[in-house]
Amino acid sequence: MPRRTATMLTSTLLLIAVLCAGVLIRVPYAEMSPGPTVNTLGEHNGEPVLNIEGRKTYEASGNLNMTTVRVTGADYRMNLVEALYGWLADDSAVVPHATLYPDDKSAEEVREENAEEFSQSLESAKVAALRELGIPVGERVVVASVIKGGPAQGRLHAGDVIEAVDGEPVKEPGDVARLVTEHDPGEDVVFTVIPAKRAEAAEKRGEEPTGGREVTVPTIAADDDKRAIVGIQAGLDHTFPFEIDIKLADVGGPSAGLMFALGIVDKLTEGDLTGGEFVAGTGTIDGEGEVGPIGGIRMKTIAARDKGAEYFLTPEANCAGALRDVPDGLTLVKVGTIDDALAALEDIREGNEADLPRCTAG
């Protein structure tokens, strides 16, 4: 065999071997890429994303799109070729697998955590929007979670409304911990609670829940400092004067809060917040209207621009990351609160481009 032919054959075989090895070798990385983006003012899978009953609403044009990131599954392991391609691609990001799926959590636990964060973000979006509009929002202390194997398991349930502890009314979650720790481990605590199902039924009827019952729960010592505990986490729940239903399946995490809050405000006020423009964005939000940072900002700006967005509401803490690779034609608008976002939307619909609070390198 001629030397040149032998060399080419050897090189070809080596290349095939390398490619095969690259396909077979699994690496501990996961991939992030632009995910779906949905208009909170529109429909998704044939149903309105926001449905408000019991209050006058207004038609809204334009777009207030929430954005998402698509990630590889918890059980999927990238091969070396996929990882190299992802590192080189402009529209994907390769990150350590443990960044998305911590080693100390199962895939199911991660899914449940993301679903819970999404649910909480919707609750905060409703609270922030209604408070922005001056609409009263009720508050009540509830059982947020029950520790498996703890004294409260089977006695108290997530969603139960806590009216009193040992006969003393509670007004905030901290009251529950304070009253329980006044006991010595081994002593009983008497909770006055309204079962979650009864409270939910009353809320749907537009009534205040009644019919609290006493539940006695023994205490045990905490592992760290021997405080008396009953094995629950108290939280704050909110009640609304009308029904706000948000339907969006297969989405997790807290990052859609800002855009849902703006969508609710738009639906409940005359006129269009966007002036018919295509605005997208992201950001967590709390009940006071503070906007927080999120992950995967670059993937979200790419998704927004690909969908047609011209403006992107960007949490202030994410501006530096978003500026590293801004899609052409997309204006990054810096926001720190819902008030900032509403002011920016006013500038957008009025055509005041020069007044927009843009993300800057500084």
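Hydrogens, waters and symmetry mates play no part in the numbers below; they use all other heavy atoms, side chains included.
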Check the surroundings of atom CD in Glu214: do more than 12 heavy atoms from other residues, nucleotides or ligands lie under 6.0 Å from it?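 No, not enclosed.
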For Gln233, look at atom CD and say whether over 12 heavy atoms of other residues, nucleotides or ligands are found less than 6.0 Å away.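 12 or below, so no.
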For the student: nearest non-hydrogen atoms of [X] and [Y], plus distance:
X      : Y      : value
Asp266 : Gly271 : OD1-O, 3.3 Å
Ile232 : Ala152 : CG2-CB, 3.4 Å
Pro151 : Val230 : CD-O, 3.3 Å
Asn63  : Thr274 : O-CG2, 3.5 Å
Val326 : Leu332 : CG2-CD1, 3.7 Å
Pro136 : Pro241 : O-CD, 3.5 Å

Give a yes-or-no answer on whether the side chains of Asp272 and Ser61 include a donor-acceptor pair shorter than 3.5 Å.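 Yes, because at least one side-chain N or O of Asp272 sits under 3.5 Å from a partner of the opposite role on Ser61.
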Could you check if a side-chain atom of [X] sits within less than 4.5 angstrom of a side-chain atom of [Y], using non-hydrogen atoms only?
X      : Y      : result
Leu156 : Val215 : yes
Glu139 : Glu172 : no
Leu313 : Leu262 : yes
Arg140 : Ile194 : no
Leu130 : Phe242 : yes
Glu310 : Glu277 : yes
Val279 : Leu345 : yes
Ile348 : Glu346 : no

Roughly how far, to the nearest 0.5 Å, is [atom2] of [Y] from [atom1] of [X]?
X      : Y      : atom1 : atom2 : result
Lys126 : Ser121 : NZ    : OG    : 10.0 Å
Arg305 : Tyr311 : CZ    : OH    : 10.5 Å
Arg131 : Ser124 : CZ    : OG    : 9.5 Å
Thr57  : Ile264 : OG1   : CD1   : 12.5 Å
Thr67  : Met299 : OG1   : CE    : 11.5 Å
Arg227 : Ile220 : CZ    : CD1   : 11.0 Å

With a 3.5 Å distance limit and no angle check, can you tell me whether [X] reaches the backbone of [Y] through a side-chain donor-acceptor pair?
X      : Y      : value
Thr314 : Lys334 : no
Gln153 : Gly149 : yes
Thr282 : Ser255 : yes
Asp286 : Glu288 : yes
Arg298 : Gly321 : no
Asp340 : Thr337 : yes
Asp355 : Asn352 : no
Asp160 : His157 : yes
Arg70  : Pro34  : yes
Thr284 : Gly292 : yes

Is there a path of hydrophobic side-chain contacts, each under 4.5 Å between heavy atoms of I/L/V/M/F/W/Y residues, joining [Y] to [X]?
X      : Y      : result
Leu122 : Val137 : yes
Ile135 : Leu273 : yes
Leu342 : Tyr58  : no
Leu179 : Val193 : yes
Leu133 : Ile244 : yes

Can Arg358 and Glu316 be said to form a salt bridge (Lys or Arg N to Asp or Glu O under 4.0 Å), step by step? CA-CA 10 Å; Arg358 300 168 185 256; Glu316 185 173 0; over 6 Å; no
Qualifying residue for side-chain contact (heavy atoms from CB on, under 4.5 Å) with Phe260, from Val265, Leu248, Leu64, Ile285: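 Only match with Phe260 under side-chain contact (heavy atoms from CB on, under 4.5 Å): Leu248.
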Please test His238 against Glu123 for side-chain contact (heavy atoms from CB on, under 4.5 Å), starting from the C-alpha separation and ending with a verdict. CA-CA 8 Å; His238 298 90; Glu123 184 85 357; 3.5 Å; yes
Starting from the C-alpha separation in whole Å, work towards a yes-or-no answer on side-chain contact (heavy atoms from CB on, under 4.5 Å) for Ile294 and Lys300. CA-CA 10 Å; Ile294 52 80; Lys300 292 180 179 181; 3.9 Å; yes
Could you go step by step and tell me if Val142 and Ile162 meet the side-chain contact (heavy atoms from CB on, under 4.5 Å) rule? CA-CA 5 Å; Val142 299; Ile162 305 174; 5.8 Å; no
Please assess Asn65 against Thr37 for the test side chain to side chain donor-acceptor pair (under 3.5 Å), listing each intermediate value before the final yes or no. CA-CA 6 Å; Asn65 279 46; Thr37 170; 3.1 Å; yes
Apply salt bridge (Lys or Arg N to Asp or Glu O under 4.0 Å) to Arg178 and Glu168, showing your working. CA-CA 11 Å; Arg178 174 178 58 81; Glu168 182 173 333; 3.3 Å; yes
Intermediate values then yes/no, side chain to side chain donor-acceptor pair (under 3.5 Å), Asp166 and His183: CA-CA 10 Å; Asp166 293 329; His183 289 265; 2.6 Å; yes
Between Glu353 and Leu356, is a side-chain contact (heavy atoms from CB on, under 4.5 Å) present by the stated rule, with each step listed? CA-CA 5 Å; Glu353 290 274 339; Leu356 279 175; 4.0 Å; yes
